[in-house]
Structures are given as structure tokens and as C-alpha cells.
Amino acid sequence: MFTNGTHVYDVLAERGYIAQVTDADAVRDLLSRPGVTFYIGFDPTADSLHVGHLLQLMVMAHMQRAGHRPIAILGVGTAMVGDPSGKCDMRRMLTQADIEYNAGRFRKQMERLVDFRDGRALMASNGDWLLGLNYIAFLRDIGAHFSVNRMLTADCYRQRMEHGLTFLEFNYMIMQSYDFLHLYRAYGCRLQLGGDDQWSNILGGIDLIRRKDGGEAYGMTFRLLTTGDGRKMGKTERGALWLDPERTSPYEFHQYWRNVDDADVANCLRLLTFLPMDRVRELSALQGEAVNEAKKVLAYEVTALVHGEEAAREAERQAEALFGGAGRSETMPTTVLERTKVAEGVGLLDVLAAAGLVSSKSEGRRLIAQGGLTLNGEPVTDPNRTLEIGDFPEGAAYLRKGKKIHHRVVLE
RNA sequence: GGGAGGAUUCCCGAGUGGCUAAAGGGGGCAGACUGUAAAUCUGUUGUCGACGACUUCGGUGGUUCGAAUCCACCUCCUCCCA
């Protein structure tokens, strides 16, 4: 099917999503007619999706806009096993309750990018068909079709051979393969998409469908979101860049994109926004200081996709207030202090720690010693300084840590 | 089941009785330079009532004036053989 007259396969290719395809011509041909059912799995191993998943959601959305039908699989069953792909260590074992909870959060976040109304996209939990499997029956029915010799040569397992791989995780590929077979049978799903680290798991499913049902299925993987020098994108001090506003505020999310490396801007615009390619090319051509314009657009667009336009505008306003000059805003992170306490004198270090600006008072001392803190625009030099009522003109004091981190303290 | 090796501060990784809050690198934070970028340079990176004190080197107990370093037991991991 087509978007603006362009075949969706070509859209994905042009925007740079595609890493590997089992049979490019066959997949392109399959997608030429609308209504193709395809699936992507998401293992709920955390209580929020992150930017890595965002890329998968973008692809789903592109495909849906082109008239195809996505199935989002919440990996409640597979998360019980744990995907060894791309992991050096075994994951922490999650309880089923955690997994179910996480799946619920995933569901909400996905609904922002993919339209699940009226069966336009489906969502299912693979726990529904995996958790109740009978061990022996499953081994005979499915396990018999997998060659251990071949599985061991799969990249995801080979990497783990030196660090140890448990039998539990070794079964992951079989679980995911079974998912594909199940969806093939239940929904006629013949196409599985996923991150490039899922390649061997996807191939496993395609083989299984052929062996069990003689059916033909396809797979396509997408480039992982990496920086120019190959590192995973979306890492912050606090871990991943989450899609949940409780874990990563829209402002923080916006700033992440506002600050991406010049070299990554073009990539992000293509992969993480729906801007037309003409516009993307125009922005990507900017040089030098003008790259900032492209970053502003990028930050706004991605934030709007994930948190909505209102939140994106708000984040933008906030950024302009802080970096544009004033350096104060009603919406910046705020800590509230009791007026009476301040009247007695409150240690600045205690406030810094309470506000989460520093993880310990020692860190606060270092920060001040190195001239990294300002109070109402004035550098702080005395680590033992206390906050007085006089520091709160109009009821608020403004702290700035380094160049970019702003915090407001108000009296009540 | 038998044998060998290992567990160090956010990560990797030195350290094998006092000179060790613990080398070096990575990462983080801050300063300079800048474009809210990168690169580069500099400082810093256990905690606290801070020129001092306290707590860290898988866990527990012991030897010693003194242990991350020695001993015993335990837990976990890796490798070789079965």
C-alpha cells in the first residue's frame, strides 16, 4: 500500500529503518496489497517503554498508515524466560505480577502512536498461549523441530557462550518462534518485524511455520537506534530515556533531543519523526550553528509524538525561558520549603540534596568549590551558606547547576 | 561428581600485611572554549557536623599492634575433566 504515493517498503527503506529482510522482493510484493497482518513483540521487562521501543512503534505506525494491520505482542510469557539477545548477563528474574503490571503500562504508551480502535491494530499477550503449555507435549510438538547445533551458531547465543547461558534463556528463541506460529495460525500473520537483535529469533519462527504448516512467512529487522559512533542512543545519567513522563519528564525528554550530537540529527529526523522527507533533507542540510534549528524541530516533533503537542510546546517554552535569558519559569522543577524553617536558616547543601540536584552533600560541596552553582544568578562560593528569607525575592529562589540544570525553590 | 581459577569503589581493572579511600582507563559531574553540539584542555569523582572523623574491597568468624591483602568456613561465578 502507499503513503503519499510511495510504497511503504520504500518509505521504510528511504528513512533508513531497514537492517535485514529475509526476502526483500517478496516482502515488498506482500506489502503492495493493503491489510497485511504483521507483528512486533515487546517484552515488558520494565514498567515503561523507552526510545529503543519508540523506533519499533514508528515502524508500526508507518505500516498502519499504509493500510496494514499491526499486532503488538506483549511478551508476558517470553519475559518470564528472558531474552538473552544483546545481553551480557542474565536478566533479573521478574515475577509474573511485575510483568503483568508492566504490560499494562506498555499498552497505554503504545496507544499514543498506534491506533488500536476498531481492530485497526491488535494487541495480545503471549502469556495467553505460552504460560499454559505442557512441557512434554511442547517438546515433542515444537522442540523436535529445533536443532541445538544450529541454535548455538545463532549470534545471540554465541555471544553468550563465554559468559554462560542458562537453559532457561536458551529456550527464548523457541518461545518467540512459537509466538509467530501461533499468530500465523490465528491471524494469518506472515510477517514479523523487530530490532536487528531479533534476527535469529525471527528466523526461528519462519522455519517453524514452514516445518509445521508448510507456510511461507517473512521477517524484517530494523537498525537499532545508535549514535554515529555506534553506541546505543537514549542513555541518560539515570538510565534509559523513558516514554513514561513520570520517569522522564517531557522537558527532560525534549532536552535530550535538543542536545543530540550534530552527526545524529539527520538520522533522528528520519527515524523518529513523520516529517516529509523533503523537510527532513532541508533540515539535515543545515550547517554549523544553524543545526540548532534542526534540533529544535526534532525535539518538538519527537516530544509531541510521545507526550502530545501541548506537552511539547510547554517543554519548548520552558527551554526558551531558561536558555533565552530569564532563567525562570513557573514550570521548572520545584522544591517547596517552609517559610518558618527558612527563617531559622536552612543549609544550602541540604536544599541541594533534597531537591535531587546532588546525590550527597559532599557532591554539593565539590560542586560549589568548582564554581558550578549559582543562586539567583550569583555564583555561590561558600559551601556552608544558608538560605535566608532575603534569598527569595517574590517568594522564589532560582538555582542553576552547571549550565543546563535549573531548579526553583519556593516558600510556603 | 573431580580439578583449577575468580569475586575490589558506577563499569573495566591494578593492588597480595602498614606508604591504600585504594593505581590506570571508561563513564559521570564541574570549569575553560563554544552553537543548549562535538572535539580539546583542566579539575573532580565513598560519606559526614570536613584542615578532622567515620565506613568500604562477595559473606561470616579468626590470626595480628595493624588486613582489600594471611587462615577457616560459607555464597556466587568462570574454566577444564566426567
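Below, all heavy atoms of this structure are taken into account, side chains as well, without hydrogens, waters or symmetry copies. Below, chain A is the first sequence line, B the second, and so on; all start at residue 1.
- Between B/rG59 and B/rU44, the two C1' atoms lie 33 Å apart (nearest whole Å).
- Taking atom CG of residue A/Asp350 and atom P of nucleotide B/rC48, one finds them 10 Å apart after rounding to whole Å.
- Distance from the side chain of A/Val291 is smallest to B/rG35 among B/rG35, B/rC48, B/rU45.
- Comparing B/rC29 with B/rC76, their P atoms sit 37 Å apart, to the nearest whole Å.
- Below the 3.5 angstrom threshold, one finds no donor paired with an acceptor across the side chain of A/Gln370 and the base of B/rG31.
- Taking the centre of each ring, A/Phe38 and A/Tyr218 stay at or above the 6.0 Å mark.
- Atoms CG (A/Asp264) and C1' (B/rA37) sit 10 Å apart, rounded to a whole Å.
- Take the nearest nucleotide of RNA chain B for A/Ser359 and for A/Gln287: the residue whose nucleotide is more 5' is A/Gln287.
- Shown here, B/rC79 forms a base pair with B/rG3; the pair counts as Watson-Crick or G-U wobble because both key distances fall under 3.5 Å.
- Taking atom P in both B/rC70 and B/rG15, one finds a spacing of 12 Å when rounded to whole Å.
- The side chain of A/Arg366 places an N or O atom within less than 4.0 Å of a non-bridging phosphate oxygen (OP1 or OP2) of B/rU47.
- Residue A/Asn292 contributes atom CG, which lies 11 Å from atom P of B/rA38 at whole-angstrom precision.
- Distances were taken from every side-chain heavy atom of A/Lys403 (C-beta onward) to each of B/rU34, B/rG35, B/rA38; the shortest belongs to B/rU34.
- No donor-acceptor pair under 3.5 Å is formed between the side chain of A/Glu338 and the backbone N or O of A/Leu411.
- As rounded to the nearest Å, B/rU42 and B/rG46 have C1' atoms that lie 23 Å from one another.
- Straight-line distance between the P atoms of B/rA68 and B/rG18: roughly 11 Å, to the nearest whole Å.
- Atom CG of A/Leu298 and atom C1' of B/rA37 are 13 Å apart (whole Å).
- Following rounding to the nearest Å, A/Lys295 (NZ) and B/rA37 (P) show an atom-to-atom distance of 7 Å.
- Whole-Å rounding puts the A/Lys401 NZ to B/rU44 P distance at 18 Å.
- Using Watson-Crick or G-U wobble geometry with both donor-acceptor distances under 3.5 Å, B/rA37 finds no partner in any strand shown.
- Heavy-atom distances to RNA chain B give each of A/Gly402 and A/Ser360 a nearest nucleotide, and the one nearer the 5′ end belongs to A/Gly402.
- Ring-centre distance between A/His407 and A/Tyr398: not below the 6.0 Å cut-off.
- Geometric assessment of A/Arg65 against the ring of A/Phe274 yields a positive cation-pi assignment under the 6.0 Å and 45° thresholds.
- In this model, a donor atom of one side chain and an acceptor atom of the other lie less than 3.5 Å apart for A/Gln198 and A/Gln176.
- Rounded to an integer number of Å, the gap from A/Tyr256 OH to B/rA37 C1' is 13 Å.
- A straight line from CD of A/Glu363 to C1' of B/rC10 spans 12 Å, rounded to a whole angstrom.
- Contact annotation: A/Lys404 side-chain N/O to B/rA37 OP1/OP2 distance is under 4.0 Å.
- Side chain of A/Ser362, nearest nucleotide from B/rA37, B/rC48, B/rA30: B/rC48.
- B/rU9 and B/rG58 have their C1' atoms separated by 14 Å, given to the nearest Å.
- Across all strands shown, B/rA30 forms a Watson-Crick or G-U wobble pair with B/rU42, both key distances being under 3.5 Å.
- With P as the reference atom, B/rA39 and B/rG28 are 10 Å apart, rounded to whole Å.
- When the P atom is compared between B/rG49 and B/rG43, the two are found 28 Å apart, to the nearest whole Å.
- Here B/rA72 sits opposite B/rU60 as a Watson-Crick or G-U wobble pair (both hydrogen-bonding atom distances under 3.5 Å).
- In this structure, A/Arg210 contributes its side chain and A/Lys212 its backbone to no donor-acceptor pair below 3.5 Å.
- In the model, A/Trp129 has a side-chain atom that pairs as donor or acceptor with a side-chain atom of A/Asp179 under 3.5 Å.
- Residue contacts for A/Val260: at a heavy-atom cut-off of 4.0 Å it reaches the sugar-phosphate backbone alone, with no base atom in range.
- Within 4.0 Å of A/Ala319, counting heavy atoms only, lies at least one base atom of the nucleic acid.
- Residue-to-nucleotide contacts include a donor-acceptor pair under 3.5 Å from the side chain of A/Arg365 to the base of B/rA50.
- For A/Lys361 and B/rG49, the shortest distance from a side-chain N or O to OP1 or OP2 is below 4.0 Å.
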